[in-house]
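Reminder, nothing fancy here: chain letters follow the sequence lines and each chain counts from 1.
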2 protein chains.
Amino acid sequence: MSNMQNMRCVVLGAGGFLGTNLCRRLVSEVASLRAFGRRQSFPEALRGIEWMPGDFADPTSIAAAISGCDTVFHLVNATTPASANIDKLADLQANVASTLRMLEACREEGVKRVIFVSSGGTIYGVPQEVPTPETAPTSPITAYGISKLSIEKYLGLFEYLHGLEYRALRVANPFGPYQLALKNQGVVAAFMRQSVADHPIQLWGDGTSVRDYIYVDDVVDALCMASTHQGPSRIFNIGSGEGRSLLQIIRAIEVESGKALTVHVSPSRSVDIPKSILDTRLAHEELGWSPKVGFEAGIHRTWRWILSQEGCGEI
Amino acid sequence: MSNMQNMRCVVLGAGGFLGTNLCRRLVSEVASLRAFGRRQSFPEALRGIEWMPGDFADPTSIAAAISGCDTVFHLVNATTPASANIDKLADLQANVASTLRMLEACREEGVKRVIFVSSGGTIYGVPQEVPTPETAPTSPITAYGISKLSIEKYLGLFEYLHGLEYRALRVANPFGPYQLALKNQGVVAAFMRQSVADHPIQLWGDGTSVRDYIYVDDVVDALCMASTHQGPSRIFNIGSGEGRSLLQIIRAIEVESGKALTVHVSPSRSVDIPKSILDTRLAHEELGWSPKVGFEAGIHRTWRWILSQEGCGEI
């Protein structure tokens with residue numbers, strides 16, 4: 001069994017939501033840690049961690065970021081599900097082509113394993129089976145999901161041809177501290193911030209669309225377990241296995257905050273899937289992973305963090 | 001039920017093996033036909049057909065090729081399974097990025113349907129189930145196969161988002177007239193030419209690797225049927241459903257030609273899969289397609305064509 005204590009790690013996309021949380025965990029568990037990204041959303045959260053600024057699309061920066069590392073966490077999202085569909089070619093270039101260059105750099109630098117954050121919410125498209133297992137058909141209705149799927153396939157190819165190990169986690173809808181309310185992502189953070197500011201929230205559709213919300217610490221657990229995993233599987237769904245509607249999210253935030261939210265409704269978007277819940281039995285059985293933070297506990301922790309951030313500048 | 005007689009068609013990649021055969025069939029069946037490609041391997045075979053020379057990677061050429069057409073046959077292979085693995089990024093750009101540009105052009109030009117030739121031999125990787133159905137896992141061991149799969153996914157996305165219809169045929173190993181013996185592809189044509197020239201043939205591996213060989217006229221049948229198909233499925237395996245080893249191919253050619261082949265053996269390549277046979281029941285049931293030309297009859301026709309070409313210049 002591999003051991004995290006000897007790992008020399010780099011986190012690509014370290015300045016974002018998952019990246020910030022992952023780096024904060026890794027820094028005390030691995031031999032060395034480098035954080036790479038375009039910018040830090042929360043610089044104070046990464047204090048004391050080696051920060052290397054750079055663009056994922058720039059091969060020279062990526063080679064420098066990977067140099068000397070044996071374990072690469074690939075958390076880069078150059079687009080969002082909505083933006084990717086507007087310019088599918090730009091999405092392909094920014095995500096898939098850049099990842100291919102990064103994987104070639106991994107070969108050259110002798111990296112041992114890449115752990116990739118894939119997308120449990122977009123890779124299956126409109127699921128025929130809910131909860132959806134890893135073996136379900138993959139018919140993404142966003143270019144974002146297609147890019148994630150293509151990257152999984154290239155990871156498989158690099159392991160087959162070149163012995164570069166990989167694990168891919170198809171993560172559901174993570175929420176928690178350090179989530180930005182930008183870019184149409186992260187409804188929990190977005191709704192909480194609006195609640196604090198007493199602003200109305202924007203709802204696409206009638207609020208009945210169901211997602212699988214998972215607290216970020218549990219996702220970080222899964223990333224750590226994937227970094228040392230030795231079993232036969234490569235791709236794991238990571239989610240709570242439970243579905244919650246947007247209306248339930250709103251209700252939970254209202255209960256936590258003690259005040260009602262004002263809701264503005266817009267027509268639903270074509271990239272929205274009515275119901276997405278992941279079947280996470282494979283991760284339980286083979287990775288030994290299971291979520292430890294219940295939904296209400298996660299909401300409580302996130303709310304406390306949101307309150308602690310008030311007045312701290314750009315969010 | 002749609003009708004081919006009213007179709008205004010363009011064949012992209014018309015100068016190659018499948019393209020030449022398809023154009024020769026379509027010219028008498030559709031309202032208008034344009035043949036687009038970099039070069040014609042057999043110019044005399046396309047005599048009387050509108051030929052538009054151009055590069056698939058050039059958006060201006062592609063827009064001109066598609067202009068005025070309602071049906072696009074996409075037969076372009078900018079790489080081969082072996083070459084694609086050497087430069088995976090170049091394969092991605094030449095095949096996937098160029099196809100994305102082409103699909104945008106199809107939207108702008110109001111194209112109704114795209115029929116895409118995918119790859120039955122590479123898209124599944126090393127199959128867990130043989131014969132392999134369309135629902136089998138897709139784990140390509142070549143960048144070529146990943147590109148084919150990505151293009152299928154983008155076709156699904158364009159239909160979902162923009163109403164651009166598509167059908168994708170995962171074609172096994174086609175053989176027949178107008179097949180080139182270049183680029184490590186088309187063992188039937190290659191072995192037959194070596195037989196005519198009394199040259200030894202080059203075998204990778206011990207000759208036991210099994211493929212699903214399908215006569216080109218049957219593939220053309222399937223392409224025509226896919227152009228008017230109205231059922232629910234989008235992706236069809238197209239093959240004989242029968243497996244034959246390289247040694248059986250060699251034996252069949254020896255029987256047809258009446259002389260022995262000299263065989264030189266090289267180590268097998270990492271892109272070679274031991275056994276690939278397609279389950280084609282979906283095409284039978286939903287497309288109404290079935291192969292009409294038996295293997296020996298196909299070998300006989302191909303051999304007659306090879307003999308007729310002797311001394312006709314570049315092959």
Would you call the rings of A/His284 and A/Trp289 parallel, tilted or perpendicular, where under 30° means parallel and over 60° means perpendicular? parallel

Between B/Glu152 and chain A, which part of the residue has a heavy atom less than 4.5 Å away: side chain, backbone, both or neither? neither

Using non-hydrogen atoms only, which part of A/Glu159 is less than 4.5 Å away from chain B: side chain, backbone, both, or neither? neither

Flag the one option from A/Thr138, A/Val126, A/Leu103, A/Val96 with the top tally of heavy-atom pairs under 4.5 Å to chain B. A/Thr138

Go through the atoms of B/Thr135 and report whether side chain, backbone, both or neither lie under 4.5 Å from a heavy atom of chain A. neither

Report yes or no: is the cationic atom of A/Lys88 (NZ for Lys, CZ for Arg) under 6.0 Å from the centre of the six-membered ring of B/Phe158, at an angle within 45° of the ring normal? yes

Are the ring centres of B/His229 and B/Phe236 closer than 6.0 Å? yes

Under 4.5 Å from a heavy atom of chain B, the part of A/Pro137 involved: neither

Between A/Met102 and A/Ile66, is any pair of side-chain heavy atoms under 4.5 Å apart? yes

Give, as side chain, backbone, both or neither, the part of B/Glu104 having an atom under 4.5 angstrom from any heavy atom of chain A. side chain

CG of B/Leu18 to CG of B/Asn77, rounded to nearest 0.5 Å, is 8.5 Å

Considering only heavy atoms from C-beta outward, does the side chain of B/Arg170 approach that of B/Phe116 to under 4.5 Å? no

Residue part contacting chain A, namely of B/Leu149, when any heavy atom lies under 4.5 Å: side chain

